[in-house]
Number of protein chains: 2
Amino acid sequence: MSDIALIETARDFNRFYTNFLGLLNKAYLDSPYTLTDARILFEIGSHDGVSATALAGDLHLDPAYLSRILKRFRTEGLIRTDPDPADLRSQIINVTDRGREEFEELGRRANAQIAARFDTLASGEPEAAVSAMHTIRALLDPTAKPAPAIIRAHRAGDIGWIIQSQSRFYTEEYGWDLRFEALVAEVAGKFLANFDPALEYCWIAERGGINVGSVLVTNGGDGIAKLRLLYVDKSARGLGLGKLLVDECIRFCRQKGYSELQLWTNDMLETARAIYVKTGFRLVSEERHRMFGPEANGQNWVLAL
Amino acid sequence: MSDIALIETARDFNRFYTNFLGLLNKAYLDSPYTLTDARILFEIGSHDGVSATALAGDLHLDPAYLSRILKRFRTEGLIRTDPDPADLRSQIINVTDRGREEFEELGRRANAQIAARFDTLASGEPEAAVSAMHTIRALLDPTAKPAPAIIRAHRAGDIGWIIQSQSRFYTEEYGWDLRFEALVAEVAGKFLANFDPALEYCWIAERGGINVGSVLVTNGGDGIAKLRLLYVDKSARGLGLGKLLVDECIRFCRQKGYSELQLWTNDMLETARAIYVKTGFRLVSEERHRMFGPEANGQNWVLAL
DNA sequence: TGATTTTGTTGACTCAGTCAACTAAATGCA
DNA sequence: TGCATTTAGTTGACTGAGTCAACAAAATCA
């Protein structure tokens, strides 16, 4: 794609998105706030204690204009301003309880707008859209810091996601065939079917509402736990999520009184192997196999707890 | 019902992009045109011969406001308007040579803006951003015509997708619990593990590279085939995809010499039931159950082939 | 110490955008 | 056919979002 075509496409997208945002922002019309009001209220609500100058800078607003809006907010009891003891020219802006209520109401309304849009989409599409937004933002916003990842227990649909992401990854990267997806589906299906919350667990790493990693611990009997289906999506590598997930497994297994944690992996997964080494796993055996098409080197690792 | 984290992330992106577009649009300040002027000029310049009403609709502008702007453009010699011979109320708007010059100058300026942005990026990054813009647009722009749906055999990741979409759907719509995902994972996993291409099959309906439907036929032994996991995503309903998928199953089963096709479903799935009736299935038994939490009415349907 | 910069406020203004009322042509309907 | 209703576009009258210049008070610089 030539430079000019790229630029034209970007412009086209910008025209479309200008329109799209315009439509979304009509939502503020049935509240007493303008779009600018809402943006300011949002900024104050989420960064309590900013100064007027910082606010004007962030939102690219005229200081005079902002000053008037803040004055109005003050008389309406939405915000409180106190001079900054460190710089008496500067005013520290805080939301009052009423202000916070309004802020939250606006938030609810904005969320509903987007939820309504997302509702017309296929399952998986909102995730795709948000993931694309991440991409754009990461590229065009120099100040963007990646959203923090959270680790949580699995919920509806996550097991399917695990199977899908594992299968896609090994197929694309190593040319494994559908037998691998079958194995994963079996492991994951059995995990769900016999799920014993007292001794087993599934962790999902999520960033900005998008699944980016997984791992699960299953009960192998005789005090032995198995770590399975460790995965970190390529969009979230290098953040230490893999290590975090494995640490979580180890902590869980110790707490549940397991004596040993075992895992099976393949040697071309170097990042994973590094994590296993660092967390104290020991390689106990190795065998070449062709379980999924191409030849690979299966490895068994063990950690005494 | 979409995930809150997804929505928050999307809102965050929208705030960012509002800002970003605001900065880009400042570019128009050193021309005699406002942003609205520029949008109108662009629209006329690229779709010669539009009517004022169409223009107002496309750009979501007040007709009165637009009328005034067009009047100004006319006196400045940027456009020419002639009554539409087919409807004398309506005016056909065309750009004059001067108008086209201005339009192109604006275009050059907007391109330069974006080029400057892209210039600060690494090689490959502009392409990534534009590709992400495509993704968003395809998903959020209702006028972007939907790609036609196709039906194909399953491939890597599809079984995981089936589990995920089934689980999400039944959880969100009917409050079924994880036991359902476990059942689906088991069915789908067994299908993959014992997959016999001579007697079994999995169809995926796909649109624009995104999965929107599924169904599979498994061998039940004794000349009996089972139709399972029929699903059409809400974004693709009403296109007859469900019927198409079931027809495909029946054709396949006849060709493979099965004597009977059986399926199990639940009676609240009315669209599915309508398809089964229409394709000749007969309801043979029914039982209330609580297999997945809420009470439901399980049904067995049979089609003699 | 006095010159300069920074934070925020106020006065005065403009013009983008809205709303209601209207004309003229087209369409629907009995 | 003729009368009521709808649609395309225009104009008058208005509002209020946003801008610009000037200013006070505090902080910083040199």
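We name chains A, B, ... by the order of the sequence lines, and we start the count at 1 in each one.
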Spacing between [X] atom [atom1] and [N] atom [atom2], to the nearest angstrom:
X: B/Tyr33; N: C/dA16; atom1: OH; atom2: P; result: 13 Å
X: B/Arg39; N: C/dG17; atom1: CZ; atom2: C1'; result: 13 Å
X: B/Ile93; N: D/dA8; atom1: CD1; atom2: P; result: 13 Å
X: B/Ile92; N: C/dA25; atom1: CD1; atom2: P; result: 16 Å
X: B/Leu70; N: D/dA8; atom1: CG; atom2: P; result: 15 Å
X: B/Arg72; N: C/dT14; atom1: CZ; atom2: C1'; result: 14 Å
X: B/Asp87; N: C/dG28; atom1: CG; atom2: P; result: 12 Å
X: B/Lys71; N: D/dG12; atom1: NZ; atom2: C1'; result: 11 Å

Next on the checklist: Taking any heavy-atom pair under 4.0 Å as a contact, classify B/Ala64: base, sugar-phosphate, or nothing.
Outcome noted: base
Checklist outcome for this item: Of B/Tyr65 and A/Asp37, the one whose nearest nucleotide on DNA chain D sits closer to the 5' end is B/Tyr65
Checklist entry - When you match A/Leu66 and A/Pro85 each to their closest nucleotide on DNA chain D, which lands nearer the 5' end? => result A/Leu66
Next on the checklist: For B/Thr34, is there any backbone N or O sitting under 3.5 Å from a side-chain donor or acceptor partner on B/Asp37?
Outcome noted: yes
Checklist outcome for this item: Sequence neighbours excluded, the answer for ring pair (Phe, Tyr, Trp, His ring centres under 6.0 Å) partners of A/Phe42 is A/Phe103
Checklist outcome for this item: The ring pair (Phe, Tyr, Trp, His ring centres under 6.0 Å) partners of A/Phe73 (sequence neighbours excluded) come to none
Among [options], the one nearest [X] by side-chain distance:
X: B/Arg89; options: D/dT6, D/dA17, C/dT10; result: D/dT6
X: B/Arg68; options: D/dT10, C/dG11, D/dG12; result: D/dG12
X: B/Arg74; options: C/dT10, C/dG17, D/dT10; result: D/dT10

Checklist entry - Does the gap between the ring centers of A/Phe13 and B/Tyr17 come in under 6.0 Å? => result yes
Checklist entry - Does a side-chain N or O from B/Thr36 land closer than 4.0 Å to OP1 or OP2 of C/dG17, or not? => result yes
Checklist entry - Do B/Arg100 and B/Asp97 meet the salt-bridge criterion of a basic N to acidic O distance under 4.0 Å? => result no
Item to check | Residue mapping more 5' on DNA chain C - nearest nucleotide basis, B/Asp62 or A/Gln91 | outcome: A/Gln91
